[in-house]
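Take a look at the structure set out below.
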Amino acid sequence: LTDDKLRFRLPRFLLCTLGMGFFTMLLMYYTQSLFIGDHLGHEVTGLAVIIGGSGIAYALLLQISGAMRWSEMLTILRRGT
């Protein structure tokens, strides 16, 4: 990233991170009943909802804010970086 791109993207990345954190907290609140008891299946489901939902929320926030384009995200995922 060049310095100009970094100056443009860094605040947006930080806002997206805060948004994902807020969404993760909401998901934790709404899935807390899945973690009561000794039901491994419920716990795995709850964890998958939290992790998957947070990742999707972050990707959408990156796109909406203009911090990253879909093509850039796909390139990073394909490269494994």
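Values below: all heavy atoms of this structure, side chains included; hydrogens, waters and symmetry mates excluded. Quick note: residue numbers are just sequence positions, from 1.
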Could you report the tightest heavy-atom contact between Ala67 and Arg12, atom names first, then the distance?
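It is CB-CB, 3.7 Å.
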Less than 3.5 Å apart, which donor and acceptor atoms pair up between the side chains of residues 45-52 and the rest of the protein, not counting sequence neighbours?
from, atom 1, to, atom 2, distance (Å)
Thr45, OG1, Gly41, O, 2.8

Between atom CG of Leu74 and atom CZ of Arg79, what is the distance when rounded to the nearest 0.5 Å?
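Rounded to the nearest 0.5 Å, the CG-CZ separation comes to 12.0 Å.
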Find the distance between CE (Met68) and CD1 (Ile76) and round it off to the nearest 0.5 Å.
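Met68 atom CE to Ile76 atom CD1 measures 3.0 Å (nearest 0.5 Å).
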Report the residues that fulfil side chain to side chain contact (heavy atoms under 4.5 Å, CB included) with Leu60, sequence neighbours left out, ordered by chain and then residue number.
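Result, side chain to side chain contact (heavy atoms under 4.5 Å, CB included) vs Leu60: Ile56, Trp70.
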Those residues that, when tested against His39, pass side chain to side chain contact (heavy atoms under 4.5 Å, CB included) (two or more places apart):
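Result, side chain to side chain contact (heavy atoms under 4.5 Å, CB included) vs His39: His42.
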Would you say that Gln63 contacts Met73 through its side chain, given a criterion of any heavy-atom pair below 4.5 Å between the two side chains?
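Result yes, sub-4.5 Å side-chain heavy-atom pair found.
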Provide the full list of salt bridge (charged side-chain N to carboxylate O under 4.0 Å, His left out) pairs with a residue in residues 22-39, sequence neighbours left out, each pair given once.
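Sorted pair list comes back empty.
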Pairs under 3.5 angstrom only: tabulate donor-acceptor contacts from the side chains of residues 16-29 to other protein residues two or more places apart or in another chain.
from, atom 1, to, atom 2, distance (Å)
Thr17, OG1, Phe13, O, 2.8
Thr24, OG1, Met20, O, 2.8
Thr24, OG1, Ser54, OG, 2.6

Test salt bridge (charged side-chain N to carboxylate O under 4.0 Å, His left out) applied to Glu72 - qualifying residues, sequence neighbours left out
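Scan of Glu72 (salt bridge (charged side-chain N to carboxylate O under 4.0 Å, His left out), adjacent residues dropped) gives Arg9, Arg69.
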